[in-house]
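Because the structure is predicted, anything quoted here is derived from the model rather than measured.
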Amino acid sequence: MSCWFLFLLVACAVVGAQILIIENEDGLLLNPEKTTVDDMRILLLQLKARVETLEKQLEDRDKGQVAFSASLFTTEDWTHHGPFNTETTLVFRKVMTNIGNGYNPNTGIFTAPVKGLYYIRFTGCVGSSGAMNTALIKNGQNMFAIYDSRGTHGSASNGMTMVLEPGDQLSITLWPGKSIFDQSRLSTFSGFLIFPM
């Protein structure tokens, strides 16, 4: 609404001053000749097209804002998860940030809403088994991992930039026989869009 008000204000000022704004390869120029009604119609159409283009760019920019960050558990109690006999998708329940709503705290899966270059990172603390081995899985493929076998509460972290297409899915898998520990802020899964493509 405010863009249209600005548009009308500029149009009225141009009409009142009887100045035609024309565009050439150097940009907008002021033409001191008096304008005709047809010139004003052309000018109004040009200004309307510019406002619509700017509104579309603003809308596209807002769609391209993506960031998420979550920790494994919501409780501040010392909580161990695993070991399990099979690989297990970790569901990071305490969501601190979810701009763009790409992360699902019910499944532990981040789904890329737009194509772009993303930075993804996760950190884990060793649970009661004394060893942790987790991997970032993209559409079923192991992309990178963290590993620590120094004993309970040791930690590891890793991150990577990657190009994601809309609908690509990322999750963290805990491998069989390993465990992870959290206290609502120690084992985390995060990512953000660096730029859309």
Side-chain angles (χ1 to χ4, degrees), residues 58-197:
L58 182 61
E59 181 181 319
D60 290 345
R61 189 196 73 183
D62 290 344
K63 288 180 184 175
Q65 295 180 345
V66 181
F68 74 97
S69 188
S71 59
L72 193 56
F73 298 118
T74 58
T75 178
E76 292 188 13
D77 296 336
W78 295 48
T79 307
H80 296 268
H81 193 58
F84 303 104
N85 293 329
T86 60
E87 61 187 54
T88 303
T89 298
L90 296 176
V91 180
F92 292 79
R93 300 275 184 197
K94 183 178 179 183
V95 177
M96 281 73 81
T97 305
N98 198 9
I99 299 169
N101 295 313
Y103 179 71
N104 185 333
N106 298 314
T107 63
I109 297 172
F110 170 74
T111 304
V114 296
K115 179 177 181 178
L117 182 66
Y118 290 78
Y119 180 73
I120 307 297
R121 182 169 201 84
F122 71 96
T123 300
C125 293
V126 180
S128 58
S129 68
M132 174 191 57
N133 190 358
T134 60
L136 177 88
I137 306 297
K138 173 188 169 189
N139 300 332
Q141 180 182 3
N142 186 338
M143 300 303 293
F144 65 91
I146 60 175
Y147 177 81
D148 193 311
S149 62
R150 292 175 293 172
T152 304
H153 301 167
S155 65
S157 187
N158 202 350
M160 174 186 284
T161 57
M162 56 179 64
V163 175
L164 299 178
E165 298 288 336
D168 280 349
Q169 294 190 329
L170 305 178
S171 61
I172 307 296
T173 293
L174 178 67
W175 297 118
K178 308 302 181 196
S179 63
I180 192 167
F181 162 83
D182 191 30
Q183 194 184 19
S184 80
R185 58 189 170 271
L186 302 174
S187 294
T188 59
F189 180 27
S190 303
F192 59 87
L193 177 65
I194 298 172
F195 56 81
M197 298 173 68

Are any side-chain N or O atoms of [X] and backbone N or O atoms of [Y], one a donor and one an acceptor, separated by less than 3.5 Å?
X      : Y      : value
Thr173 : Ser171 : no
Thr75  : Phe73  : no
Gln183 : Glu76  : yes
Asn142 : Ile137 : no
Asp148 : Arg150 : yes
Asn158 : Ala145 : yes

Evaluate the side-chain proximity of [Y] to [X]: yes if any heavy-atom separation is below 4.5 Å, no if none is.
X      : Y      : answer
Met160 : Leu136 : no
Leu90  : Leu72  : yes
Arg93  : Asp182 : no
Asp168 : Thr111 : no
His153 : His80  : yes
Ser157 : Arg121 : yes
Leu170 : Lys138 : yes
Pro176 : Asn85  : no

Straight-line distance of [X] [atom1] to [Y] [atom2], nearest 0.5 Å:
X      : Y      : atom1 : atom2 : answer
Met132 : Ile180 : CE    : CD1   : 5.5 Å
Ile172 : Thr88  : CD1   : OG1   : 13.5 Å
Lys94  : Ser184 : NZ    : OG    : 3.5 Å
Glu87  : Thr134 : CD    : OG1   : 12.5 Å
Tyr118 : Thr161 : OH    : OG1   : 13.0 Å
Trp78  : Ser128 : CH2   : OG    : 13.5 Å

Can you see which heavy atom on [X] is nearest to which on [Y], and at what distance?
X      : Y      : answer
Met197 : Leu117 : SD-N, 3.8 Å
Glu165 : Ala112 : O-CB, 3.5 Å
Ser129 : Ser179 : OG-OG, 2.7 Å
Pro113 : Val66  : CG-CG2, 3.5 Å
Ser71  : Met96  : N-CE, 3.6 Å
Phe181 : Ser187 : O-OG, 2.6 Å

### Query
Parallel, tilted or perpendicular: which fits the ring planes of Phe189 and Phe68, with parallel below 30° and perpendicular above 60°?
perpendicular
### Message
Is it the case that the ring center of Phe110 lies less than 6.0 angstrom away from the ring center of Tyr103?
### Response
no
### Message
Please tell me whether Ser69 and Thr97 have a donor and an acceptor in their side chains that are separated by less than 3.5 angstrom.
### Response
no
